[in-house]
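Heads up: the structure comes next, in structure tokens.
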There are 2 protein chains.
Amino acid sequence: MGTVTKALTLLDHFTLARPLIGLSEMARLAGVNKATAFRLLTELQNAGFVEQAGSAREYRLGPAVLRLASLREATVPMREAASTVLRTLADTTGETAHMSLLQGGRLVTTVHALSSRHGTRVTMDDASVLTFHGTGSGLAVLAFLPEPEIKAILSAPLKPHTQETVTDPKRIREQIAEVRRSGIAESVGGFEKDVHSHAAPIFDAEERVMGAIAIAAPVARMTPELRSEIRAALAKGAQELINRLGGHVPAHLRPAA
Amino acid sequence: MGTVTKALTLLDHFTLARPLIGLSEMARLAGVNKATAFRLLTELQNAGFVEQAGSAREYRLGPAVLRLASLREATVPMREAASTVLRTLADTTGETAHMSLLQGGRLVTTVHALSSRHGTRVTMDDASVLTFHGTGSGLAVLAFLPEPEIKAILSAPLKPHTQETVTDPKRIREQIAEVRRSGIAESVGGFEKDVHSHAAPIFDAEERVMGAIAIAAPVARMTPELRSEIRAALAKGAQELINRLGGHVPAHLRPAA
DNA sequence: AAGCGTCGGTTCATTATTTGAACCATCGGT
DNA sequence: ACCGATGGTTCAAATAATGAACCGACGCTT
């Protein structure tokens, strides 16, 4: 692994749950020598990607990422496009909508929109990492990944998040076959208990899957009517978002739509 | 220079004016061998920091920066805090307000707020880089930087942006002395012609200057009344923002306020 | 269509950087 | 006073980065 990759990997260990990381802890998390971690963090710090916070000298993400994100958004206005689509989805279905994107082999939630129709709703955070096997979004993406990548993902150990998480590769294969037929993925309680999520894949200009949009509702509220409403809204929303982002649905999928 | 720093330096060459950069061009801009640029870009690409766009295979910033920015904002909600303060400033003064932050030795505009009171107004972009000598924000920050850094900045060649840009180190020294006295920096037409900008420094928890907030108005609209209104609003806004961000004004400055 | 310049990408021997075990000094808890 | 942890530093050994030259492809001009 190159040094640069290693340095950037360090940044992946910052999460919402762990926004501050000390030197030794970082070395442990990333599996590198403490001296190496120190040198890499120092370089990241000089570039403004991390900074040292407060008393314990722990590291956290720095302001440089804001500049880059601002530029990215100016170049590819994805957040903006997605958030209007998600807003519509959340409003029409009354449930929580979110978009996740494929980033370096992982699926990361990037934008979300909550509905205020119900007192209870599924809450979402941006920047959280989803699994391929346990979430609707994950299945939606997995179904349209190139076969070698599917194989790699399914042959690695699949951690169950809840008692209902499907971890048997064979059953997941069946699930993604169904996703390919219908264009919509579904997962009940696979990531968080009592959450029923539907998702539709998003494709880029080269017809590769780049992420998914999803709607997550409490299991208790799911009815056949809501289910078909959600699936219809998702299909429409996904198509619109793909258009806005300049993407294309693969040819072999279009007839079904 | 470390390899990581070199890789991150590549990212600095993406700007609003140049969001797409080809391999050879990047090598030229960054002053590295084409093979090196290729390897670094490939590593950045695998981490999602850049991606290859469209037909000419040019590179642009990737989606990974969005995740990091989202996390940074969750950890240090600076944009949010700043944008409410800037909103108030823009509303009370009727002019454009913006915040710039020190990042790796450069001053980068991070958030801005426009006023709708007048038909003409100064327009701003996020993520643009300001010079220390030609802008109000630059002078506000420069005045409170450690002496060695001031020296380094003033001994490098200072490019004039307009005919009115002050580039004589001696005169700049005088300007920042005045900034230290009053706490407010001022620059007329130094960056863009016909723009009169006022700025106040922002300090972090260790009393180091971390950036500035500024108000930019058309020269034609500047009157003694507006000027004192702006200076008062800026002083108040800066103090509030410093509080919200958990910073402290250096002890030797406080008596003056 | 031949020539030219540029592009993105690749190769490989040389070189310079990264690496990691061991080492400090410091801090908080027992 | 000790223990175990922390952030940070050192230096010889190992490894990864480097850059000149090269490739095929593309778009011009002649």
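Excluded from the calculations below are hydrogen atoms, water molecules and symmetry mates; all remaining heavy atoms, backbone and side chain alike, are included. Within every chain, numbering begins at 1; the chains are lettered A, B, ... in the order of the sequence lines, protein sequences first and strands thereafter.
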For a quick test of reading the model: is some side-chain N or O of [X] closer than 4.0 Å to OP1 or OP2 of [N]?
{"X": "B:Arg57", "N": "C:dC7", "answer": "no"}
{"X": "B:Tyr59", "N": "C:dG9", "answer": "yes"}
{"X": "B:Thr3", "N": "D:dA17", "answer": "no"}
{"X": "A:Gln52", "N": "D:dT6", "answer": "no"}

Can you check the [X] [atom1] to [N] [atom2] distance for me, whole Å?
{"X": "B:Arg39", "N": "C:dT17", "atom1": "CZ", "atom2": "C1'", "result": "11 Å"}
{"X": "A:Asn33", "N": "C:dA21", "atom1": "CG", "atom2": "C1'", "result": "7 Å"}
{"X": "A:Phe38", "N": "C:dA25", "atom1": "CZ", "atom2": "C1'", "result": "14 Å"}
{"X": "B:Glu58", "N": "C:dG9", "atom1": "CD", "atom2": "P", "result": "11 Å"}
{"X": "B:Leu40", "N": "D:dA17", "atom1": "CG", "atom2": "P", "result": "8 Å"}
{"X": "A:Met1", "N": "D:dA14", "atom1": "CE", "atom2": "P", "result": "21 Å"}

Any ion pair linking [Y] and [X] (charged N to carboxylate O, less than 4.0 Å)?
{"X": "B:Glu147", "Y": "B:Lys151", "result": "no"}
{"X": "B:Arg72", "Y": "A:Glu51", "result": "yes"}
{"X": "A:Lys236", "Y": "A:Glu240", "result": "no"}

Which one, [options], comes nearest to the side chain of [X]?
{"X": "A:Lys6", "options": "D:dT18, C:dT19, D:dT9", "answer": "C:dT19"}
{"X": "A:Ala35", "options": "D:dT9, D:dG8, C:dT10", "answer": "D:dT9"}
{"X": "B:Thr36", "options": "D:dG19, C:dT18, C:dG20", "answer": "D:dG19"}

Those residues of residues 17-31 of chain A lying under 4.0 Å from DNA chain C by at least one heavy atom: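 Heavy-atom contacts with DNA chain C come from no residue of residues 17-31 of chain A; none.
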Closest contact, heavy atoms only, B:Ala200 versus B:Ile184: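 Heavy atoms only, the tightest pair is CB-CD1, 4.1 Å.
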Closest non-hydrogen atom pair between A:Ile153 and A:Leu158, with its separation: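 Closest approach of A:Ile153 to A:Leu158, heavy atoms only: O-CD2, 3.6 Å.
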Atom pair CE/CD1 of A:Met210 and A:Ile242 - distance to nearest 0.5 Å: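 Nearest 0.5 Å value for the CE-CD1 distance: 9.5 Å.
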Donor-acceptor contact below 3.5 Å, side chain A:Ser70 vs main chain A:Leu66: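 No, because the side chain of A:Ser70 does not come within donor-acceptor range (under 3.5 Å) of the backbone of A:Leu66.
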Side-chain touch A:Leu142/A:Ile172, heavy atoms, less than 4.5 angstrom: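 Contact flag for A:Leu142/A:Ile172 side chains = yes.
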Output one line per pair: protein atom, nucleotide atom from nucleotides 22-29 of chain D, and distance, for all N/O pairs under 3.5 Å.
none

Criterion side chain to side chain contact (heavy atoms under 4.5 Å, CB included) on B:His133 and B:His161, from CA distance to verdict: CA-CA 10 Å; B:His133 62 284; B:His161 302 289; 4.0 Å; yes
